[in-house]
Amino acid sequence: MDSMDLRKLEIFVQVARLKNFSKAAQVLHMAQPPVSIAVRKLEEELGTELLIRDKRTLALTHEGETVLAQAEVILRQVEDLKETVGDYQGLLRGELNLACPAMAGTYLLPQLLGEFLDLHSGLTAAVTQAGTHKIEQLLLNDEIELGVVTSLEDHKNLDVVPLVTETMMLCVGSESPFRDRRSVAVSELAAVPMILYERDYFIRKSFDVMCEDRGVEPDIRLQTNYLPLISKLVKQNHGATVGLKMMAQQEPGIHAVPLEPAISVNLGIARRKGRTISRANQAFIDWLVSVNDPVV
């Protein structure tokens, strides 16, 4: 079986698992038409239909279920073979994949990823950005293997390795009247221009709940998931934001002031319980457990 046939199997397995051509294309970093073409060509080569297609649902035929099971075995054998060759050369090979919210990806992940990749020259890494709620759904839907989540939330179906515990802070520029305060009550923020994440981020959700509980209607000037834009506007004193202390520690010109009431944010790397993940991803989890005590 040549490499093109293996690629067709990889594409079919993703489509079969996700039961959606568009989602499979996103996971595979491909456009949707080539994904559909690859599955159709595989069906032609095997002389049978593997999928039942209609406008609303996508399901496996009986033959499709059989091919899926065998394809997963074949692809795992190929991966094991690659890893065995890597072992002979003394290298861990493959690609580390995870999803991460912007703030953790900017201020926490570089050190962790950098140290791990320095230990394994045969590895590469791919990191995608999403809010923690979205990451949890991707994990539960088997669209990703690893993701950074807030471990304060109830994750019955996820295993979470703790990474860091921080307090949610009001982050302001050098000219803010709050800059040198020991703390700021949420009730004081009604007239403060706010530059915030969009609503699918844990920090934004927590801030919204705090405001709602105290009858505060924040003056939201900008909502974005683009962290450099948020930090730039805060540095230029166009408004304040809510973030983690690590943001002020690593961004000159931004100052962190504790909020009242205080809210702790626990970040961790999660995987779906019971799922077998790639060797590269498993090695990263094992390394975190061995060397990274949660930072408080």
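Keep in mind that what you see is a predicted model, and the values were worked out from it rather than measured. By convention here, the first residue in the shown sequence is residue 1. The analysis underlying the following values was restricted to heavy atoms, covering all of them including side chains, and did not include hydrogens, waters or symmetry mates.
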* Qualifying residue, where the test is side-chain contact (heavy atoms from CB on, under 4.5 Å) with V15 and the options are N20, L58, L50 -> L58

* **R182 bridged to E260 by N-O distance under 4.0 Å** => no

* Should the heavy atoms of other residues, nucleotides or ligands under 6.0 Å from NZ of K273 be counted, would the total exceed 12? -> yes

* Could you please spell out the steps behind the side chain to side chain contact (heavy atoms under 4.5 Å, CB included) verdict for V242 and M194? => CA-CA 8 Å; V242 179; M194 299 299 297; 3.9 Å; yes

* To do: Starting at CG of L139, measure out to CG of D159 and round the result to the nearest 0.5 Å.
  => 11.0 Å

* Structure fact -> So OG1 of T224 and CG of L196: to nearest 0.5 Å the spacing works out to 10.5 Å

* Would you call V184 and P258 a side-chain contact if the rule is heavy atoms closer than 4.5 Å? -> no

* Do M169 and L108 share a hydrophobic cluster, counting only Ile, Leu, Val, Met, Phe, Trp and Tyr and linking them when any side-chain heavy atoms are less than 4.5 Å apart? -> no

* Can you tell if the side chain of R40 reaches within under 4.5 Å of the side chain of S36, non-hydrogen atoms only? -> no

* Asked: Would D286 and Q282 count as having a side-chain donor-acceptor pair, cut-off 3.5 Å?
  -> yes

* State, with a plain yes or no, whether a side-chain heavy atom of Q137 is found less than 4.5 Å away from one of E143. => no

* CD (E217) with more than 12 external heavy atoms under 6.0 Å -> no

* With rounding to the nearest 0.5 Å, note down the distance linking CG in N141 to CZ in R17. => 13.5 Å

* Asked: Taking all atoms of both residues into account, what is the closest heavy-atom pair of V13 and A71, and its distance?
  -> CG2-CB, 3.7 Å

* Going hydrophobic residue to hydrophobic residue with side-chain gaps under 4.5 angstrom, can you get from L189 over to M210? -> yes

* L46 with I74, same ILVMFWY side-chain cluster at under 4.5 Å -> yes

* Do the side chain of N225 and the main chain of Y197 share a donor and acceptor less than 3.5 angstrom apart? -> no

* Verify the cluster assignment for V67 and I37: are they in a single hydrophobic cluster under the rule of side-chain heavy atoms below 4.5 Å apart? => no

* With sequence neighbours excluded, residues passing salt bridge (charged side-chain N to carboxylate O under 4.0 Å, His left out) with R275 -> D142, E145

* Which heavy atom of P162 sits nearest a heavy atom of V160, and at what distance? -> CD-O, 3.6 Å

* Okay, side chain of N281, backbone of I277: is any donor-acceptor separation there less than 3.5 Å? -> no

* **H62 backbone acceptor or donor facing T66 side chain under 3.5 Å** => yes

* Asked: Just by distance, with hydrogens left out, do H255 and S176 show a side-chain donor and acceptor under 3.5 Å apart?
  -> no

* Between T61 and E49, does any side-chain donor sit less than 3.5 Å from a side-chain acceptor? -> no

* **Side-chain heavy atoms of V161 within contact of I285, under 4.5 Å** => yes

* Asked: Between K41 and E44, is there a salt bridge with N-O shorter than 4.0 Å?
  -> no

* **side chain to side chain contact (heavy atoms under 4.5 Å, CB included) between S231 and M247, intermediate numbers included** => CA-CA 9 Å; S231 64; M247 180 179 184; 3.7 Å; yes

* State, yes or no, whether a side-chain contact exists between V164 and M246 at a heavy-atom distance under 4.5 Å. => yes

* Would you find a donor on one side and an acceptor on the other, under 3.5 Å apart, between the side chain of T167 and the backbone of I263? -> no

* Asked: Residues two or more places apart in sequence or in another chain: which of them pass side-chain hydrogen bond (donor to acceptor under 3.5 Å, both in side chains) with Q223?
  -> R204

* So, do H120 and F284 sit near enough that their side-chain heavy atoms are less than 4.5 Å apart? -> no

* To do: Run the numbers on E212 and K205 for salt bridge (Lys or Arg N to Asp or Glu O under 4.0 Å), then give the verdict.
  => CA-CA 11 Å; E212 184 178 351; K205 288 182 178 181; over 6 Å; no

* Taking N97 for the side chain and E95 for the main chain, is one N or O donor matched with an acceptor at less than 3.5 Å? -> yes

* Regarding E10 and Q14, is there a side-chain donor-to-acceptor distance under 3.5 Å anywhere? -> no

* How close do A125 and L117 get, heavy atom to heavy atom, and via which atoms? -> CB-CD1, 4.1 Å

* What's the spacing between I135 CD1 and L98 CG if we round to 0.5 Å? -> 8.0 Å

* Return the minimal non-hydrogen interatomic distance between F207 and P218, and the atom names on each side. => CE2-CB, 4.1 Å

* Short side-chain donor-acceptor distance under 3.5 Å, Y107 and E251 -> yes

* Which atom names give the shortest non-hydrogen contact between F12 and G64, and what distance separates them? -> CZ-O, 3.7 Å

* To do: Apply side chain to side chain contact (heavy atoms under 4.5 Å, CB included) to the pair L163 and L112, showing each step before the final yes or no.
  => CA-CA 10 Å; L163 289 178; L112 295 177; 4.0 Å; yes

* To do: Measure the spacing between OG of S174 and NZ of K235 and express it to the nearest 0.5 Å.
  => 10.0 Å

* Heavy-atom side-chain proximity of L259 to S183 below 4.5 angstrom -> no

* Asked: Of the non-hydrogen atoms in A240 and V192, which two are nearest, and what is the gap between them?
  -> CB-CG1, 4.1 Å

* Asked: Does the side chain of L28 come within less than 4.5 Å of I11's, by heavy atoms?
  -> yes

* Asked: Is the backbone N or O of M103 less than 3.5 Å from a side-chain atom of T106, with the two atoms forming a donor-acceptor pair by type?
  -> no

* Asked: Looking at E198 and K134, does any basic side-chain N land under 4.0 Å from a carboxylate oxygen?
  -> no

* Verify same cluster id: V209, M168 (apolar side-chain graph, 4.5 Å) -> no

